[in-house]
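Presented below is the structure to which this report refers.
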Amino acid sequence: MTITDTSQFSAQLRSVTQEDHHAAESSDFITTLMGGERSARDYTLLISQYHYIYEALEEEVRALASHPALTDIFDLHLERGAQIIKDLEVLLPMHDLEESPAALPATEDYVAALRAAAADPARLVAHHYLRYLGDLSGGLAIGKLVSRHYSIPDEALNMWKFDAIEKPKLYKDAYREKLDTFGANPSHAEAVLDEAKRGFQWNKAIFEDLLRATSRKVPAAS
């Protein structure tokens with residue numbers, strides 16, 4: 001894919017992945033979960049899958065964080081792994097779960113893709129963008145929704161708290177500027193665009209696995 005204006009690479013990345021992004025976020029599992037039609041246990045199962053994803057992503061990011069081309073993008077203040085562990089320490093006992101549920105097949109596929117992406121750091125940038133900018137965007141609303149729908153306590157919502165980032169909007173704008181610089185290299189741009197599309201597809205597959213592994217809440221009879 002030819003990049004005609006490198007200063008707008010982040011905008012092109014958003015445009016190219018828009019369809020895959022919409023397909024993932026409109027999956028039945030996630031829309032019904034956010035609509036209050038599932039359960040706190042289903043939310044816990046989702047967070048348990050995120051545990052495997054962020055563990056892999058953050059291990060690979062830390063290993064490459066000092067790379068000259070990546071250091072500006074790979075901000076370790078974005079890490080979610082420790083926050084997810086805190087959340088699971090509260091959520092798992094609430095549902096009589098002694099340990100985190102096993103990774104679903106689609107989660108295993110995604111983790112394998114993250115590990116493989118580290119061999120081509122530009123591809124890891126795509127996953128970094130997909131996960132963390134998503135968390136700083138629509139992700140910030142998720143905590144409020146699940147708290148309201150399923151009475152998730154505040155101490156189990158650390159996943160959605162970025163205490164080190166005072167102004168998410170300004171942070172995201174600066175992040176996109178860094179992506180524009182990174183994408184000025186055509187080989188970087190091509191790899192990020194390709195891997196980001198795949199990333200949304202892997203996320204959609206996880207939601208589909210979660211749908212098969214759970215049951216929708218049945219409304220009480222009137």
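When a residue number appears, it is its place in the shown sequence, counting from 1. Just so we're clear, the structure is a prediction, and the values are computed from it rather than from any experiment.
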Taking atom CD of E155 as the centre, does the number of heavy atoms from other residues, nucleotides or ligands within less than 6.0 Å exceed 12?
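Counting neighbours around CD of E155, more than 12 heavy atoms of other residues, nucleotides or ligands fall under 6.0 Å, so yes.
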Give me each pair satisfying side-chain hydrogen bond (donor to acceptor under 3.5 Å, both in side chains) with a member in residues 65-76, each pair once, sequence neighbours excluded.
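Applying side-chain hydrogen bond (donor to acceptor under 3.5 Å, both in side chains) to every pair that reaches into residues 65-76, excluding sequence neighbours, yields D75-H77, D75-Y171.
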Using the side-chain hydrogen bond (donor to acceptor under 3.5 Å, both in side chains) rule, collect all pairs that involve residues 132-142, keeping only residues at least two apart or in two chains.
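As it turns out, the side-chain hydrogen bond (donor to acceptor under 3.5 Å, both in side chains) pairs with a partner in residues 132-142, which skip direct neighbours, are Y54-D135, E58-Y132, S137-K172.
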All side-chain hydrogen bond (donor to acceptor under 3.5 Å, both in side chains) counterparts of [X], not counting sequence neighbours:
X: E79; value: R62
X: S187; value: N185
X: R41; value: none
X: D154; value: K161

Which ILVMFWY residues can you reach from I85 by hopping between side chains whose heavy atoms are under 4.5 Å apart?
none
Kindly write out the residues that satisfy side chain to side chain contact (heavy atoms under 4.5 Å, CB included) with E195, not counting sequence neighbours, or none if the list is empty.
A117, R123, A126, H127, R198, W202
Residue pairs meeting salt bridge (Lys or Arg N to Asp or Glu O under 4.0 Å), one or both in residues 10-26, sequence neighbours left out, come to D20-K197
With ring pair (Phe, Tyr, Trp, His ring centres under 6.0 Å) as the rule and sequence neighbours excluded, what pairs involving residues 26-52 come up?
none
D173: salt bridge (Lys or Arg N to Asp or Glu O under 4.0 Å) partners, not counting sequence neighbours:
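Only K169, R176 meet the salt bridge (Lys or Arg N to Asp or Glu O under 4.0 Å) criterion with D173.
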Among residues at least two apart in sequence or on other chains, which ones pass salt bridge (Lys or Arg N to Asp or Glu O under 4.0 Å) with K167?
none
Would you check if the side chain of S15 reaches a backbone N or O of Q12 as a donor-acceptor pair within less than 3.5 Å?
no
With a 4.5 Å cut-off on side-chain heavy atoms, are V90 and N158 touching?
no
